[in-house]
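Report on the following structure.
To find a chain, count down the sequence lines: A is the first, B the second, and so on, and within it residues start at 1. Values reported hereafter were calculated over all heavy atoms of this structure, with side chains retained and with hydrogens, waters and symmetry mates removed.
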Protein chains: 2
Amino acid sequence: MSRSRVPDIVVGRLPIYLRTLHQLEDTGYTFTSSQELGKRIGISSAQIRKDLAHFGEFGKQGTGYEVKYLQEQIAKILNVDQDWSVALVGFGDLGQALSRYSGFARKGFHIDVVFDQDPQKIGKKYHEVTIYDFEELAKIVSSQGIKLAIIAVPGFAAQDVAEKLVEAGVRAILNYAPVKLFVDEGVRVEYIDPIAHLQQMSFYLT
Amino acid sequence: MSRSRVPDIVVGRLPIYLRTLHQLEDTGYTFTSSQELGKRIGISSAQIRKDLAHFGEFGKQGTGYEVKYLQEQIAKILNVDQDWSVALVGFGDLGQALSRYSGFARKGFHIDVVFDQDPQKIGKKYHEVTIYDFEELAKIVSSQGIKLAIIAVPGFAAQDVAEKLVEAGVRAILNYAPVKLFVDEGVRVEYIDPIAHLQQMSFYLT
DNA sequence: TAGATTGTTAATCGATTAACAATC
DNA sequence: TAGATTGTTAATCGATTAACAATC
């Protein structure tokens with residue numbers, strides 16, 4: 001079964017499944033079912049079973065899924081059964097907040113290098129991280145084999161940063177800048193845009 | 001033409017259209033076309049025309065759309081031709097970063113009140129914002145008629161906070177906690193989950 | 001007029017849901 | 001055995017794309 005054609009929308013739900021399985025585990029569940037999961041996530045049980053079927057068979061008729069086992073399997077599928085080294089570009093307000101946020105590391109995404117172009121910041125250490133000159137990005141990212149990056153620079157600079165990152169070997173970018181990024185096919189980009197979400201919701205307000 | 005059945009996915013694209021129109025305006029464009037917009041956003045021109053058709057006719061055959069006019073119309077549709085007062089709940093690392101982020105206010109979403117349950121923080125002022133006791137949430141939110149809120153509390157506390165917010169009259173919630181929120185029908189919830197995005201992308205890494 | 005682009009309808013594509021035989 | 005739940009197929013639903021008459 002080739003994974004190359006698993007719909008992106010299905011892959012996007014796997015982290016939610018994983019999260020929910022952790023919550024079930026914390027609550028003391030040993031087994032669960034597609035129905036239970038669906039209820040907690042807010043989708044149908046059929047969708048969960050169909051999603052999982054893309055990757056194999058993980059349950060037992062009559063009894064459902066073993067929480068721990070399904071958790072491990074999904075973690076493996078997502079490649080989050082290992083740690084990842086992440087580059088952060090941009091150390092303004094947002095970048096600083098992201099670098100201080102412990103949630104990334106707790107889930108295995110370690111922000112190991114940070115870049116900025118401000119001479120005031122370069123070379124300094126803030127809360128354990130050293131800021132490198134943006135000029136050194138190519139050298140450092142490629143020598144450390146970093147595949148994941150977070151962009152937290154102003155919109156006008158984001159496309160340029162993305163190109164440099166991809167050039168240096170980055171294959172996936174989490175982009176906080178409010179611009180569409182155009183990158184080589186095969187490089188993944190995900191967007192975080194809270195303003196867009198607020199605007200979408202304000203549509204429904206009176 | 002009833003707007004009550006505009007698909008949510010269409011509403012979700014309007015902020016992107018708006019953003020792109022601003023960029024075009026900044027670059028000096030007076031007119032644009034669905035093709036131009038589509039190219040910049042990465043979707044088809046047909047989709048843009050079809051999306052806009054839900055709300056009226058905004059273009060001219062042969063010449064396309066006037067940038068400024070379409071901008072104003074979409075802003076009006078989204079209700080972002082006015083300012084909104086926003087409540088922020090949770091003043092930990094994330095909440096502090098959000099309250100310091102000027103991007104919300106710049107787009108008309110003003111974080112006017114902040115709540116936390118930590119007695120160490122309550123009553124203090126940080127960068128112009130005063131922190132209120134979580135106990136006062138109902139009173140303050142309802143008396144100020146606040147309809148929009150941002151949740152930045154730990155996962156285990158989020159559902160409880162959401163219920164209190166809705167009780168106090170909040171109709172739309174931007175949720176940074178990694179949990180599904182169950183709220184009354186008619187209350188909108190959007191989720192910000194960078195970890196989920198990173199995990200989704202790591203699926204594609206080797 | 002000729003070229004360009006809209007708004008809209010029909011065709012296609014893909015995702016979700018319903019249903020059920022298999023089986024624990 | 002009886003009840004529960006899986007994995008999977010078929011039916012439904014909804015979103016995207018293609019195509020084109022209308023018209024600036």
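Here the shortest heavy-atom pairing between A:Gly155 and A:Pro178 reads CA-CD, 4.3 Å. The two atoms that bring B:Tyr176 and B:Phe104 nearest to each other are OH-CZ, 4.0 Å, heavy atoms only. Taking every heavy atom of both residues into account, A:Asp116 and A:Gly90 meet most closely at OD2-C, 3.7 Å. The nearest pair of heavy atoms linking B:Ala152 to B:Leu98 is CB-CD1, 4.1 Å.
Where A:Pro7 and A:Ala46 each meet DNA chain C at their nearest nucleotide, the meeting point lying more 5' is that of A:Pro7. With DNA chain D read from its 5' end, the first of the two nearest nucleotides for B:Gln47 and A:Ser45 is the one closest to A:Ser45.
Residue-environment remark: CD (B:Glu128) stays at or below the threshold of 12 foreign heavy atoms within 6.0 Å.
For the side-chain hydrogen bond (donor to acceptor under 3.5 Å, both in side chains) test, residues two or more places apart in sequence or in another chain that qualify with A:Asp83 are A:His110. Residues passing the ring-ring contact (aromatic ring centres under 6.0 Å, His included) test with B:Phe91 are B:Tyr126, sequence neighbours excluded.
Sorted by residue number, the members of residues 64-72 of chain A with any non-hydrogen atom under 4.0 Å from DNA chain D read A:Gly64, A:Tyr65. For the contact set between residues 8-21 of chain A and DNA chain D, defined by any heavy atom under 4.0 Å, there are no members. Within a heavy-atom distance below 4.0 Å of DNA chain C, the residues of residues 29-38 of chain B found are B:Ser33, B:Ser34.
Sorted by first then second residue, the salt bridge (charged side-chain N to carboxylate O under 4.0 Å, His left out) pairs that include residues 170-187 of chain A, not counting sequence neighbours, number zero. Within the structure, side-chain hydrogen bond (donor to acceptor under 3.5 Å, both in side chains) pairs that include any residue of residues 91-105 of chain A comprise A:Ser102-A:Arg106 (at least two apart or interchain).
Where DNA chain C pairs in unbroken runs of 3 or more (Watson-Crick or G-U, both distances under 3.5 Å), the stems are C:3-24 with D:3-24.
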Mind listing the side-chain donor-acceptor pairs of residues 196-204 of chain B below 3.5 Å, one per line with the distance, residues two or more places apart or on another chain?
unit_1, atom_1, unit_2, atom_2, d
B:His197, ND1, A:Glu190, OE1, 2.9
B:Gln200, NE2, A:Asp8, OD2, 3.3
B:Ser202, OG, A:Leu78, O, 2.6
B:Ser202, OG, B:Gln199, O, 3.1
B:Tyr204, OH, A:Asp8, OD1, 2.4

Side-chain donor-acceptor contacts of residues 27-43 of chain B below 3.5 Å, not counting sequence neighbours, with atom names and distances?
unit_1, atom_1, unit_2, atom_2, d
B:Thr27, OG1, B:Gln23, O, 2.4
B:Tyr29, OH, B:Arg40, NH2, 3.4
B:Ser33, OG, B:Gln35, N, 3.4
B:Ser33, OG, B:Glu36, N, 3.1
B:Ser34, OG, B:Arg49, NH1, 3.0
B:Glu36, OE2, B:Arg40, NE, 2.8

When the side chains of residues 156-170 of chain A are checked against the rest of the protein, which donor-acceptor pairs come out under 3.5 Å, sequence neighbours left out?
unit_1, atom_1, unit_2, atom_2, d
A:Gln159, OE1, A:Phe182, N, 3.0
A:Gln159, NE2, A:Glu163, OE2, 2.8
A:Gln159, NE2, A:Phe182, O, 2.8
A:Asp160, OD2, A:Lys164, NZ, 3.4

Tell me, with the steps shown, if B:Leu21 and B:Tyr65 meet side-chain contact (heavy atoms from CB on, under 4.5 Å). CA-CA 10 Å; B:Leu21 289 164; B:Tyr65 306 92; 6.0 Å; no
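Side-chain atoms of B:Tyr191 come within 3.5 Å of backbone atoms of B:Leu181 as a donor-acceptor pair (strictly under, hydrogens ignored). In this structure a side-chain-to-backbone donor-acceptor pair under 3.5 Å is present from B:Asn79 to A:Leu205.
With a heavy-atom cut-off of 4.0 Å to chain B, the contacted part of DNA chain D has its first and last nucleotide at D:dA15 to D:dC24.
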